[in-house]
2 protein chains.
Amino acid sequence: MKRRALKIDKLPTVRRLPAYLTILRELFLKEEQFVSSSYLAERMEIEPILVRKDLELTRINGTPRIGYCIEDLIKGIEDFLGFGETLDAFLVGVGQIGTSILYNRELTNLGLNIVAAFDKEPEKIKALIQEVPVFDISRLAELSKKIRAGLAILCVPPEDAQEVTDILVMSGIKGIWNFTSANLVVPEDVVAQKEDLASGLAVLSVKLNRIQPAHND
Amino acid sequence: MKRRALKIDKLPTVRRLPAYLTILRELFLKEEQFVSSSYLAERMEIEPILVRKDLELTRINGTPRIGYCIEDLIKGIEDFLGFGETLDAFLVGVGQIGTSILYNRELTNLGLNIVAAFDKEPEKIKALIQEVPVFDISRLAELSKKIRAGLAILCVPPEDAQEVTDILVMSGIKGIWNFTSANLVVPEDVVAQKEDLASGLAVLSVKLNRIQPAHND
């Protein structure tokens with residue numbers, strides 16, 4: 001195991017790949033066979049040169065005047081992202097955010113498969129939400145040894161986040177998708193990624209300030 | 001008004017600023033006065049040199065061996081992000097995601113102030129959620145002229161997203177925070193930012209594949 005933090009060189013490209021996938025699957029359903037980088041550029045609202053650079057990551061080559069084979073490109077992106085196979089996951093904390101993730105079809109389409117959910121509220125336990133069983137969080141350690149999952153989606157209150165993370169890590173979970181505001185401490189061979197609405201608001205706020213530097217509407 | 005798309009040069013830094021703010025406010029509440037870049041680096045899990053580069057954006061300088069003045073840094077980040085003043089917003093679509101945003105205290109702490117919510121479900125209308133009134137979506141055009149907001153948070157089904165966007169743009173909204181899977185068409189002087197869980201899953205999936213290239217657990 002490497003001791004250095006994982007580095008992703010092409011992060012902005014990786015972030016854009018699911019959007020390409022959505023557009024390509026839509027074209028595939030319309031029985032289109034080829035797509036040009038300029039069409040993709042227009043739909044993605046980026047420059048064609050950037051589209052070509054993004055798609056280099058998939059190692060699928062376009063043909064001049066014909067474009068990219070849509071089926072190959074879908075397969076190439078899925079392979080790169082590891083979305084070809086499903087990604088089995090636990091969801092811990094069935095509150096507003098947790099529930100919205102259980103209902104999110106876009107994530108399911110990308111291969112996310114939530115196999116079990118956990119909560120501490122008695123009225124939520126034993127229910128099926130979108131066919132996912134909800135267990136008492138006290139059973140997390142026991143069940144996470146029995147039910148196989150590579151990923152845990154963390155939607156608990158921030159004050160419980162580290163304790164739950166420790167249990168998950170002990171039971172062999174290698175990836176934690178952190179929807180709490182807590183900064184988690186995990187071993188170096190575990191990936192913890194924070195999904196951070198505050199970051200989105202920060203970017204938006206800076207962009208808004210640039211178009212309206214003063215209150216001059 | 002410029003015709004070119006807005007470009008943010010320091011996007012990764014901007015995305016990190018709210019996390020700095022959370023840490024700094026926590027220290028401020030503990031009555032700490034100064035903080036070192038190495039402490040911030042450890043909490044942020046990035047290199048100290050990157051912390052110093054990030055904080056250059058605020059134009060607050062640290063003092064060798066003493067560090068940064070916490071109060072100045074908080075003010076500097078707030079000013080840069082425009083978080084000093086509140087950002088008034090509409091929320092359209094009070095489903096799972098919309099509701100979770102209404103309850104998100106982290107966003108409130110960063111200055112987001114939701115002044116009105118809209119939905120088409122009769123049972124949701126006239127309710128107050130977290131003290132925010134919920135109106136019938138048919139009143140969006142009328143009320144968005146009366147109630148001032150710079151931002152709209154879009155949480156409607158994707159098939160309704162463009163229609164709602166058009167109404168919002170016509171009534172003078174300059175920023176749209178898009179939580180739907182739709183790609184929106186907006187005029188060049190309007191900022192539309194997509195908040196995309198699929199992007200987060202893509203990055204996480206690639207990171208996970210790097211630590212476990214095969215199923216060798």
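Residue numbering restarts at 1 for every chain, and letters A, B, ... go by the order of the sequence lines.
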Looking only at heavy atoms, which two atoms of A/G200 and B/Q193 are closest? And how far apart? O-NE2, 2.8 Å

Heavy-atom contact with chain B under 4.5 Å, split by part of A/L184: backbone

How long is the span from the CG atom in B/L201 to the CG atom in A/L81, to the nearest 0.5 Å? 8.5 Å

More than 12 heavy atoms of other groups within 6.0 Å of B/E159 CD: yes

Most contact-rich option vs chain A, by heavy-atom pairs under 4.5 angstrom, among B/G111, B/A192, B/A19, B/S100, is B/S100

Starting at CH2 of A/W177, measure out to CG of B/L197 and round the result to the nearest 0.5 Å. 5.0 Å

Per-residue contact mode, A/N109 against chain B (heavy atom under 4.5 angstrom): neither

Quick check for you: to the nearest 0.5 Å, what is the distance between B/E195 atom CD and A/E195 atom CD? 7.5 Å

In terms of heavy-atom contacts, does CD of B/E163 have more than 12 from other residues, nucleotides or ligands at under 6.0 Å? no

Can you confirm whether B/E142 is buried at CD, in the sense that more than 12 heavy atoms of other residues, nucleotides or ligands lie under 6.0 Å from that atom? yes

Between A/A198 and B/L110, what is the shortest heavy-atom contact and its length? CB-CD1, 3.2 Å

Less than 4.5 Å to any heavy atom of chain A: does that hold for the side chain of B/F179, its backbone, both, or neither? side chain

Grab the two heavy atoms, one from B/L204 and one from A/I176, that are nearest each other, plus how far apart they are. CD1-O, 4.4 Å

Smallest separation among heavy atoms of A/R15 and B/V203, with atom names: CG-CG2, 3.7 Å

Taking atom CD of A/E42 as the centre, report whether more than 12 heavy atoms of other residues, nucleotides or ligands fall under 6.0 Å from it. no

Ranked by heavy-atom pairs below 4.5 Å to chain A, first place among B/L17, B/L112, B/L151 goes to B/L151

Rounded distance (nearest 0.5 Å) linking atom OG1 of A/T99 with atom CD1 of B/I97: 11.0 Å

Might you confirm whether atom CD of A/E123 has over 12 heavy atoms from other residues, nucleotides or ligands at distances under 6.0 Å? yes

